[in-house]
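What follows is a single structure, written as structure tokens, with notes after it.
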Amino acid sequence: MKFSKPEWHAQLSSTNTVISQRLREGEPLPDGFVLAAHEQTAGRGRLGRSWQSKVGHNLTFSFLLHRINDLSQMMSLPMAVAIAVAVIMEQYSVEVQTKWPNDLLIKKRKICGILSERFQMDAIVVGVGINVNMCREDADQIDPPATSLLIETGQRLIIEELLARLLTTMEVWVQRWRKAGFSALRSAWIERCFNLGEYIQVGDGDNPKMGILVGFGDEGQLLLREDDGRQVEIWAGDLITQTNTNDLIVT
Ligand code: BTN
């Protein structure tokens, strides 16, 4: 697959929202279409949260994929994107961890978030937010405190150049995912995986479950061994690290 040359805007509400609006209005956006904004006025995160970013500090973009025939495979597409972002970040000599379902952490602090949204039956919009040139003061104000490439490497990057490099690597990982789903990602995900083998809490707020993160199923769903020894599959939600029974940390 090939991504299009990114369509850059100074300001948009949210790159995910605008792609969906344009599709709804009947615009024939191609497979691999990329929309990027220097500033988002209504950036959205997962589970109804907002995503804050400042001009020149963050990379915020979304892309569109058509012809997603196998919907069960959809869950692992953002995982493929997370791995591509991790691979690019590792070129700056930082140690990146993947956090299920599709966050990236450095030293337990979030540096990248991904929001994937299905559009009609067979299209998907994937939005990526990366903290690039965010200073420590701003990162500390996020709840929970985040980090950025500037903080971790001392290097200030040109956002457009970073996106161009990232798209090349993403093409490789998205293509692997299209051919083989999560099985093409499993080892890359596992080798960077945060909390694997640890006691965690996971869920979408209504029905949180606790247990040991023992691995991932064929579609990238999280496998949790509960206290009674039963293994359950978790398909959506947030992962919370449990350091002791009274002390849960959302990372
Ligand atoms: C999360 O971690 O909750 C997901 C964050 C996703 C943020 C990106 S920024 C580009 C795209 N547009 C949005 O409104 N959200 C995503």
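We count ligands from 1, going down the list as the structure has it; atoms in each ligand are counted the same way.
- Proximity of D103 to ligand 1, defined as any heavy-atom pair under 4.0 Å, is confined to the side chain (atoms from C-beta onward).
- Residues S53 and E39 have side chains that never bring a donor and an acceptor to within less than 3.5 angstrom of each other.
- Side chain of Q73 to backbone of W177: a donor-acceptor contact under 3.5 angstrom is found.
- For ligand 1, the atoms sitting less than 4.0 Å from at least one non-hydrogen atom of S62 are 11 (C), numbered in the order shown with element in parentheses.
- Between F63 and F33, the ring centre distance reaches or exceeds 6.0 Å.
- Each of the atoms 1 (C), 3 (O), 4 (C), 5 (C) of ligand 1 lies under 4.0 Å from some heavy atom of G45.
- Judged purely by distance below 3.5 Å, without hydrogens or angles, the side chains of E171 and T169 never pair a donor atom with an acceptor atom.
- Remark: distances from the non-hydrogen atoms of R49 to ligand 1 are all 4.0 Å or more.
- In terms of protein heavy atoms, atom 3 (O) of ligand 1 is closest to R46 N, 2.6 Å.
- Side chains of R44 and T17: a donor on one and an acceptor on the other come within 3.5 Å.
- When only non-hydrogen protein atoms are considered, atom 2 (O) of ligand 1 lies nearest to K110 NZ, 2.5 Å.
- Close approach of ligand 1 to T60 (heavy-atom distance below 4.0 Å) involves ligand atoms 9 (S), 10 (C).
- Annotation: atom 12 (N) of ligand 1 to nearest protein heavy atom, Q40 OE1, 2.9 Å.
- Classification of D238 and R46 as a salt-bridged pair holds, one side-chain N sitting under 4.0 Å from a carboxylate O.
- At a 3.5 angstrom cut-off on N or O pairs, T15 counts as close to ligand 1.
- Side chain to side chain, H9 and E7 meet the donor-acceptor criterion of an N or O pair below 3.5 Å.
- Counting only heavy atoms of the protein, atom 5 (C) of ligand 1 lies nearest to W51 CE3, 3.4 Å.
- Regarding atom 15 (N) of ligand 1, its nearest protein heavy-atom neighbour is R44 O, 2.7 Å.
- We find that E95 and R192 are not joined by a salt bridge, their nearest charged nitrogen and carboxylate oxygen being 4.0 Å or further apart.
- Each of the following atoms of ligand 1 lies closer than 4.0 Å to a heavy atom of N16: 11 (C), 12 (N), 16 (C).
- Residue G43 approaches ligand 1 through these ligand atoms, each under 4.0 Å from one of its heavy atoms: 14 (O).
- Only the backbone of V128 comes within 4.0 Å of ligand 1, judged by heavy-atom distances.
- The pair D31-R178 counts as a salt bridge, with a side-chain nitrogen and a carboxylate oxygen less than 4.0 angstrom apart.
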